[in-house]
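What follows is one structure encoded as structure tokens, with my remarks underneath.
These figures come from a predicted structure and were not determined experimentally.
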Amino acid sequence: MSLQAPRRLLELAGQSLLGDQALAISILDELPRELFPPLFVEAFTSRRCEVLKVMVQAWPFPCLPLGSLMKTPDLEILHYVVDGIDCLLAQKVRPRRWKLQVLELRDVDENFWTIWSGARPLSCSPEAMSKRQTVEDCPRTGEKQPLKVFMDVCLKEKFMDEDLSFFSGWVQHRRGSVHLCCTKVVNYSMSILNFRNILETVYPDSIQVLEIWNMCWPCMIVEFSRYLSQMRNLRKLFISDGCRYLLSSDSQEQLVAEFSSVLLRLEYLQMLYVRRVCFFRGHLDQLIRCLRSPLETLALTYGFLEKVDLKCLPRYPSLSQLKQLNLSHGALRFIRLEPLRALLEKVAATLQTLFLVDCGIRDSKLRVILPALSCCSNLTTFCFHGNDTSMDGLKDLLRHTGRLSNLSLETYPAPRESLDDRGRVISELLTPLQAELMRILREVREPKRIFFGPVSCPCCGTSPTEQLEFNFCLWGRPA
């Protein structure tokens with residue numbers, strides 16, 4: 001008999017038991033713990049909602065990873081699950097078998113179900129897996145731990161969808177005994193009022209990733225700052241589109257002061273993305289000095305950096321351990337790049353990704369940073385396309401990046417000599433120039449993925465950095 005056979009017998013027993021729903025419900029208190037996962041899966045698949053409701057009340061594990069079963073929200077099943085939890089919470093004395101601490105609605109723990117079904121070897125117990133997840137993901141909230149509901153929030157519409165609205169209302173009704181925990185909250189277009197309601201519902205210590213794609217209203221920035229200061233475990237902050245309205249100098253200083261005071265409270269912040277937010281212009285020094293811990297990622301894109309902004313970057317210890325740096329679309333043409341060279345020298349041992357796309361960097365500016373760039377020995381991605389560089393400038397650049405043996409993706413502009421009067425690439429001119437540039441690089445090392453000019457990827461037809469920059473949350477707004 002194979003090692004899988006006993007688990008298969010458990011599954012068959014569960015299916016047989018569900019044939020009599022009343023019997024299944026009546027014996028749950030005496031059901032062996034090993035039967036719960038396969039029985040729950042069978043009840044879920046066959047939509048035996050009353051059985052699910054009662055099983056939730058007797059669930060013998062710390063975590064119920066419902067999200068890995070329910071790939072898309074199923075409001076009917078969610079209602080029954082919540083009804084089961086409500087029945088538990090209404091009892092003054094908890095049942096002896098109740099161990100449920102976390103209702104996991106993210107698709108993150110499929111191993112729990114596959115192990116109990118026998119599809120994978122049992123290297124560690126599902127209970128241990130649930131405990132580990134509970135300990136790692138759930139912030140401490142006092143001696144008596146409330147039930148925690150984990151889900152990610154992505155707000156693409158002005159109003160909440162049905163499942164989020166349902167859970168928001170339930171958590172508010174059960175405030176104190178249930179916490180809605182969201183490690184990731186993304187707002188693309190939800191109104192200020194509805195977004196405020198979400199932030200008031202979500203347990204703030206649980207938020208580790210926060211993305212705001214539409215911070216155009218000054219009142220939203222002030223309102224948002226009040227909630228942001230409560231997110232003590234925030235690791236990644238992304239803000240975008242704060243440039244639509246002209247502000248007086250007093251209003252701008254007020255917003256910068258508001259944000260600076262918030263950054264002082266975010267001691268675990270590791271990734272800061274600022275995209276098209278103009279009210280920081282000329283005040284970056286005030287923000288950077290308030291960072292409590294070293295950043296791993298800094299992105300300042302579409303931001304119209306001023307000389308004083310770039311000058312402050314190498315000064316602070318919080319930027320001394322950067323792994324990713326992006327200053328794309330930053331209009332560096334009229335700014336001296338000695339501060340950028342100093343920053344690159346400072347992070348040479350840690351920097352892995354550098355984006356300087358479409359920054360208006362010409363040959364004279366490029367030569368300023370080349371010695372520091374060639375010292376970034378751990379660099380794996382270097383994107384420099386979109387700049388106005390001559391053939392001689394690119395040759396010089398490749399002689400320096402040629403020393404970087406860890407580069408796996410590098411993009412460069414087409415040489416100025418291969419462009420027409422409108423800046424469009426003339427293929428007949430680019431081909432021999434590209435061949436010469438590749439020869440220069442191959443004298444030092446063999447490139448892995450390299451692109452010159454606006455050339456589509458031969459594999460997928462897209463720009464070589466399109467997906468990379470989207471994942472880096474720096475390029476454009478997702479559909």
Side-chain angles (χ1 to χ4, degrees), residues 62-75 77-79 81-82 85 100-113 129-130 132-139 141 146-172 174 178-191 194-215 224 227-228 230-240 266 268-273 297 467 470-474 477-479:
C63 179
L64 174 55
L66 187 60
S68 55
L69 284 181
M70 190 171 53
K71 301 298 184 181
T72 57
D74 187 319
L75 204 55
I77 286 180
L78 289 175
H79 272 286
V81 170
V82 166
I85 294 174
L100 186 61
Q101 300 172 28
V102 174
L103 175 61
E104 178 59 85
L105 297 178
R106 301 171 297 179
D107 186 8
V108 295
D109 201 8
E110 190 172 353
N111 288 342
F112 178 91
W113 305 108
M129 293 165 54
S130 294
R132 182 171 65 243
Q133 180 182 21
T134 301
V135 170
E136 290 177 353
D137 283 354
C138 300
T141 55
L147 179 80
K148 297 170 184 68
V149 179
F150 272 89
M151 63 187 300
D152 286 332
V153 174
C154 183
L155 309 168
K156 293 187 176 182
E157 306 295 337
K158 292 184 177 180
F159 303 100
M160 285 185 277
D161 54 27
E162 283 188 327
D163 58 308
L164 181 57
S165 179
F166 167 67
F167 272 103
S168 177
W170 177 56
V171 170
Q172 289 180 3
R174 287 291 183 180
V178 177
H179 281 167
L180 180 60
C181 298
C182 302
T183 55
K184 182 176 182 179
V185 176
V186 182
N187 182 14
Y188 293 124
S189 58
M190 180 170 282
S191 66
N194 288 323
F195 189 44
R196 180 198 299 144
N197 291 336
I198 293 296
L199 293 179
E200 288 180 349
T201 303
V202 175
Y203 186 62
D205 273 5
S206 69
I207 300 176
Q208 298 181 20
V209 175
L210 182 66
E211 298 181 15
I212 313 293
W213 284 83
N214 188 17
M215 289 194 60
F224 160 74
Y227 294 102
L228 180 60
Q230 302 174 34
M231 303 175 191
R232 294 175 295 180
N233 291 306
L234 195 69
R235 266 66 171 175
K236 172 184 174 181
L237 174 62
F238 174 92
I239 55 175
S240 178
L266 303 179
Y268 299 113
L269 190 67
Q270 297 175 342
M271 295 171 275
L272 178 62
Y273 303 79
T297 299
Q467 188 61 36
F470 176 79
N471 290 336
F472 202 47
C473 284
L474 306 172
R477 178 173 176 164

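Nearest heavy-atom pair, V178 versus V171, reported as atom, atom and distance to 0.1 Å: O-CG1, 3.8 Å. Of all the heavy atoms in T201 and Q172, the pair that sits closest is OG1-NE2, 2.8 Å. Between V153 and C182 the shortest heavy-atom distance is CG2-SG, 3.4 Å. The nearest pair of heavy atoms linking C63 to P65 is O-CD, 3.4 Å.
Among residues two or more places apart in sequence or in another chain, the side chain to side chain donor-acceptor pair (under 3.5 Å) test is passed with E200 by Y227. Shown here are the side chain to side chain contact (heavy atoms under 4.5 Å, CB included) partners of V82, two or more places apart in sequence or in another chain: D86, F166, F167, W170. In this view, R235 satisfies the side chain to side chain donor-acceptor pair (under 3.5 Å) rule with no residue, not counting sequence neighbours. Scanning for side chain to side chain contact (heavy atoms under 4.5 Å, CB included) contacts around V209 gives K184, E211, K236, with sequence neighbours left out.
One distance of note links CG of L234 with OH of Y268; it measures 12.5 Å at 0.5 Å rounding. Distance check, rounded to the nearest 0.5 Å: CG of N187 to CD1 of I239 gives 13.0 Å. Taking OH of Y188 as the start and SG of C154 as the end, the distance is 4.5 Å to the nearest 0.5 Å. Here the CG atom belonging to L103 is positioned 12.5 Å from the NZ atom belonging to K148, to the nearest 0.5 angstrom. Taking CG from L147 and CD1 from I85, the interatomic distance works out to 5.0 Å, rounded to the nearest 0.5 Å. Atom OG1 of T183 sits about 7.0 Å away from atom CZ of F150, to the nearest 0.5 Å.
A parallel orientation is assigned to the rings of Y203 and H179, their planes being inclined by less than 30° (bins at 30° and 60°).
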Could you go through the side chain to side chain contact (heavy atoms under 4.5 Å, CB included) check for I212 and L210 one step at a time?
CA-CA 7 Å; I212 313 293; L210 182 66; 4.0 Å; yes
Under the side chain to side chain contact (heavy atoms under 4.5 Å, CB included) rule, what do M151 and L164 come out as? Steps first, then yes or no, please.
CA-CA 9 Å; M151 63 187 300; L164 181 57; 4.2 Å; yes
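In this structure the side chain of L237 never reaches within 4.5 angstrom of the side chain of M231, judged on heavy atoms. In this structure the side chain of V185 reaches within 4.5 angstrom of the side chain of F195, judged on heavy atoms.
Using modelled atom types and a 3.5 Å distance limit, the side chains of N233 and S206 yield no donor-acceptor pair.
Considering L66, V81, L64 as possible partners of L105, the one that fulfils the side chain to side chain contact (heavy atoms under 4.5 Å, CB included) test is L66.
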